[in-house]
Asker: 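This is the structure I have questions about; it appears just below.
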Amino acid sequence: MTDYTVSEIYIRKLRIARRRTLAIKIINVIILIILALAVILPILLPWFFVFKTRLEFSYSPWSLPTQIRWNNFQEAWVAIKIGQGLLNTLWVCMGAIAGTVPAAAMAGYIFARYQSKVTEVLFYAVLVGYFIPVHMVLIPLYQFTSRIGIVDTLPGLFLPMAAFGIPFWTIIYRSFFRGLPGELAEAARIDGAGHTGTFFRIMLPLANPATILAVLLVFIGAWSDYLLSLILINDPKLFTMQLRIAQFLNQYGTDHMPRYAAAAVIASAPTLLLYIFGHRWIIRGTLAGALKG
Amino acid sequence: MEKAAVGKVSQIRMRKEKPKKKARDWHSITFQALFLLPALAFLIIFMYYPIVETFRTSLYQTTGFGPARFIGLQNYARLFANEEFRTGFVNVLAWAFWSVVIQIPLAFYIAFTLVVYKTKITGFLRAVYYLASVMPSAITAMLGRFIFAPTFGVISSLATRLNWKWLGSIDFLGNPDIAFWSLFAMATWAYTGFSIVYFMANIEQIPMEIRESAQLDGANLWQYARYIAIPMVSYPIRIIAIISTVGSLKLFDLPWLITGGGPVYATTTLAIILYKQGFVNWQYGRAAAVGVIIFLLSLIFTVAQFSFQRKSGELD
């Protein structure tokens, strides 16, 4: 008898607890969705304003546009001059990739496969570079690139950029090459491949996953850079996309909001497209970097 | 650095494979040198040499042109006597403090709930949260002004629409007391995504059995988070804390592009002062001194990271 009531109370308690868990779950999911909206709204909201005239905007900013007008886009496109900037940014990205990835892959390979006192010391020298903030060297970097005449050229921007990417990717490549079975390299050598052949024909293809991540993330890093470009590029013809956006911010205020919104749409579009198609890889790459590094 | 078990296995293998070799294999040494050359050349030219130069320049009074005068530590002394610098210093430390206190719990909450309530849209939500982290800072700044601008900004025009005068009268970027927090909100928007993704990956690695046995013992979610999840990912939390702190020391893009460090010095940072001293006032020596200070501060925090790491290693 008592047993029965105890278990009944227990079941009732369990039911209440379960209902409470469900309620907590719903509340939490709602909070999660609200926070996701908070992330995505600043990117979507400009679309509300872009089709309006200035007058229409000042009277009813939040109504639906009465008519689809494109002239804000035209004006913003002219003002922000992002076309040229996009091209320059792509050059900088290519240059940064070409500078960072091969150098890091080669160095990482040596540090992983040819361990000796000397390479160990050199590895620590590279490791130190990982902790150097680029801010620290801006002044000498500017002076030095002016002296050798590459300031205000795109290589003058992507070469230092590559230098600051190399430590991190060398670390990643090193741990990647260490994870590959050593027998493969040994077998290649028995088959008569030299050091160079072993690297290029056997080991490097096996490191493709690391290479894809490196290319992708170096690309994104160069794509987003602002500070280095600001200091090392002065010629408006060489402005990268981010410098163009910054220039727009300085020249045009938010008074003409529809045009400003159109510029924001234009400015964020390339990154947004990149992210929509590549987000899986981008997140995976960031994690691989973060978990190993 | 590497914690991967794979690395350890191959290390053992490699030791076995390497019998004591003949005196010296010059072929191999040349190969190693050639392969290390590009990376080391890059680092020496664009990193190590400039680092040495930064330290040296910070002891001189120089504009980069003409003769430089050795003045010892006077650049540092003048910086600390300067009100703008002191404000920037305090701002950066406050920024570091608040990003640890606000952004990390927020990121942990989001990551934890996303993992615990794994649904079909978990992956989608993760992608949405990370989106802001991919946005280049110039665009984040643009969106920040779009939201916080007076009169026509999103918040102000929404306030007008709703007739909320108290909200409409707030000057988010022009009021020295509020500008810091407007920027901080934008930075939270931009930088939390990485921590969320990182925490998620670490929380997902907690074995399912642990969660199940916690449930059997009657632990609710709060208790599970408090007594199991947080202690188990304490190392990643510390890592993120260090990343945010060092990131705060280097903060430049957002305040520079949204408020320019103003109003007055309310949102200025060390990096903004470096930029202004170096490329507006052409005081290279003083700018280099700011660079050294940024470096020393991040060094302190990085060393803290390593001592943390060693401690957690002992516990394991």
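Below, chains carry the letters A, B, ... as their sequence lines are ordered, and counting in each starts from 1.
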Asker: Does the ring centre of A:Tyr260 sit less than 6.0 Å away from the ring centre of B:Phe152?
Answerer: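 Ring centroids of B:Phe152 and A:Tyr260 are no less than 6.0 Å from each other.
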Asker: Checking B:Arg161 against chain A: side chain, backbone, both or neither under 4.5 Å from a heavy atom?
Answerer: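 Interface part for B:Arg161: side chain.
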Asker: Is it the side chain or the backbone of B:Leu249 that comes within 4.5 Å of chain A heavy atoms, both, or neither?
Answerer: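 For B:Leu249, no heavy atom lies under 4.5 Å from chain A.
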Asker: With rounding to the nearest 0.5 Å, note down the distance linking CD in B:Gln32 to OG1 in A:Thr119.
Answerer: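 If I round to the nearest 0.5 Å, the distance is 6.5 Å.
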Asker: So how far is it from A:Leu41 CG to B:Leu143 CG, rounded to the nearest 0.5 Å?
Answerer: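 Taking CG in A:Leu41 and CG in B:Leu143, the distance rounds to 11.5 Å.
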Asker: Any side-chain heavy-atom pair from B:Phe46 and A:Met161 closer than 4.5 angstrom?
Answerer: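 No, every pair of side-chain atoms sits at 4.5 Å or beyond.
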Asker: Of the backbone (N, CA, C, O) and the side chain (C-beta and beyond), which part of B:Ser28 lies under 4.5 Å from a heavy atom of chain A, both, or neither?
Answerer: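 Both backbone and side chain.
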Asker: Rounded to the nearest 0.5 Å, what's the gap from CZ on A:Phe199 to CZ on B:Phe35? Could you check?
Answerer: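 Between A:Phe199 CZ and B:Phe35 CZ, I get 5.0 Å after rounding to 0.5 Å.
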Asker: Relative to chain A, which segment of B:Ile110 carries a heavy atom at a distance below 4.5 Å: side chain, backbone, both, or neither?
Answerer: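 For B:Ile110, backbone and side chain are both near chain A.
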Asker: If every non-hydrogen atom of B:Leu43 is compared with every non-hydrogen atom of A:Ala163, which pair is closest and at what distance?
Answerer: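 Residues B:Leu43 and A:Ala163, closest heavy atoms: CD2-O, 3.4 Å.
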Asker: Please classify the contact of B:Phe124 with chain A as side chain, backbone, both or neither, using a heavy-atom distance under 4.5 Å.
Answerer: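 Interface part for B:Phe124: neither.
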Asker: Select one option (side chain, backbone, both, neither) describing which atoms of B:Ile147 are under 4.5 Å from chain A's heavy atoms.
Answerer: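 Looking at B:Ile147, just its side chain touches chain A.
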Asker: Would you check if A:Asn28 and B:Tyr109 make a side-chain contact, meaning some heavy-atom pair closer than 4.5 Å?
Answerer: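 Sidechains of B:Tyr109 and A:Asn28: in contact.
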Asker: Rounded to the nearest 0.5 Å, how far apart are CG of A:Leu138 and CG of B:Leu274?
Answerer: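 Output value for this atom pair is 6.0 Å.
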Asker: How close do A:Pro140 and B:Glu53 get, heavy atom to heavy atom, and via which atoms?
Answerer: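 For A:Pro140 versus B:Glu53, the nearest heavy atoms are CB-CB, 3.6 Å.
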Asker: What donor-acceptor contacts under 3.5 angstrom involve side-chain atoms of residues 287-299 of chain B, with partners at least two apart or in another chain?
Answerer:
unit_1   : atom_1 : unit_2   : atom_2 : d
B:Ser298 : OG     : B:Ile294 : O      : 2.8
B:Ser298 : OG     : B:Phe295 : O      : 3.1

Asker: Minimum heavy-atom separation for A:Ile166 and B:Ala39, please, with both atom names.
Answerer: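 That closest heavy-atom pairing would be CG2-CB, 3.9 Å.
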Asker: Kindly state whether the ring of A:Tyr142 and the ring of B:Phe279 have centres lying under 6.0 angstrom apart.
Answerer: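 Yes, ring centres under 6.0 Å apart.
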Asker: Verify, without hydrogens or angle tests, whether B:Thr54 (side chain) and A:Met136 (backbone) share a donor-acceptor contact under 3.5 angstrom.
Answerer: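 The answer is yes, because a donor-acceptor pair under 3.5 Å joins these two groups.
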Asker: Which atoms of B:Leu114 are under 4.5 Å from chain A, going by heavy atoms: the side chain, the backbone, both sets, or neither?
Answerer: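 For B:Leu114, the contact with chain A is made by backbone and side chain together.
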Asker: What is the minimum heavy-atom distance between B:Val128 and A:Ala36, and which atoms define it?
Answerer: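 So the minimum-distance heavy-atom pair works out to CG1-O, 3.7 Å.
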Asker: Under 4.5 Å from any heavy atom of chain B, what part of A:Leu274 do you find: side chain, backbone, both or neither?
Answerer: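 Looking at A:Leu274, nothing touches chain B.
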Asker: So which atom in A:Val39 and which in B:Trp189 form the shortest heavy-atom distance, rounded to 0.1 Å?
Answerer: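 Nearest pair, atom of A:Val39 first, then B:Trp189: O-NE1, 2.9 Å.
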Asker: How long is the gap from NE2 on A:His195 to OG1 on B:Thr30, to the nearest 0.5 Å?
Answerer: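 It is 8.5 Å, given to the nearest 0.5 Å.
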Asker: Does A:Ile33 have any side chain to side chain contact (heavy atoms under 4.5 Å, CB included) partners at least two apart in sequence or in another chain, and if so, which?
Answerer: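 Partners of A:Ile33 under the side chain to side chain contact (heavy atoms under 4.5 Å, CB included) test: A:Val29.
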Asker: To the nearest 0.5 Å, how far apart are CZ in B:Arg286 and CD1 in A:Ile139?
Answerer: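 Spacing of CZ (B:Arg286) from CD1 (A:Ile139) equals 12.5 Å.
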Asker: Please check if the side chain of B:Tyr48 supplies one atom and the backbone of A:Ala125 the other of a donor-acceptor pair under 3.5 Å.
Answerer: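 Yes, the answer is positive, given that a donor and an acceptor are paired below the 3.5 Å cut-off.
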Asker: Name the residue from A:Ile283, A:Ile282, A:Leu272 that meets the side chain to side chain contact (heavy atoms under 4.5 Å, CB included) definition with B:Val134.
Answerer: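 Filter result, single survivor: A:Ile282.
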Asker: Could you pull out the closest heavy-atom pair between A:Tyr275 and B:Ala127, with the gap in Å?
Answerer: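 The pair with the smallest heavy-atom distance is OH-O, 2.5 Å.
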Asker: Please check if the side chain of B:Tyr275 supplies one atom and the backbone of A:Leu227 the other of a donor-acceptor pair under 3.5 Å.
Answerer: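 No, because the side chain of B:Tyr275 does not come within donor-acceptor range (under 3.5 Å) of the backbone of A:Leu227.
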Asker: Under 4.5 Å heavy-atom distance to chain A, tell me which part of B:Phe252 shows up: side chain, backbone, both or neither.
Answerer: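 Looking at B:Phe252, just its side chain touches chain A.
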Asker: Does B:Ala271 offer a backbone N or O that forms a donor-acceptor pair with the side chain of A:His135 under 3.5 Å?
Answerer: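 No.
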Asker: Could you tell me whether the side chain of A:Ile24 reaches within less than 4.5 Å of the side chain of B:Tyr117, counting heavy atoms only?
Answerer: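 The answer is yes, as the side chains (C-beta and beyond) meet within the 4.5 Å cut-off.
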Asker: Using distance alone, with no hydrogens and no angle criterion, decide if A:Thr286 and B:Tyr130 have a side-chain donor and acceptor under 3.5 Å apart.
Answerer: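 A:Thr286 vs B:Tyr130: donor-acceptor pair found between side chains.
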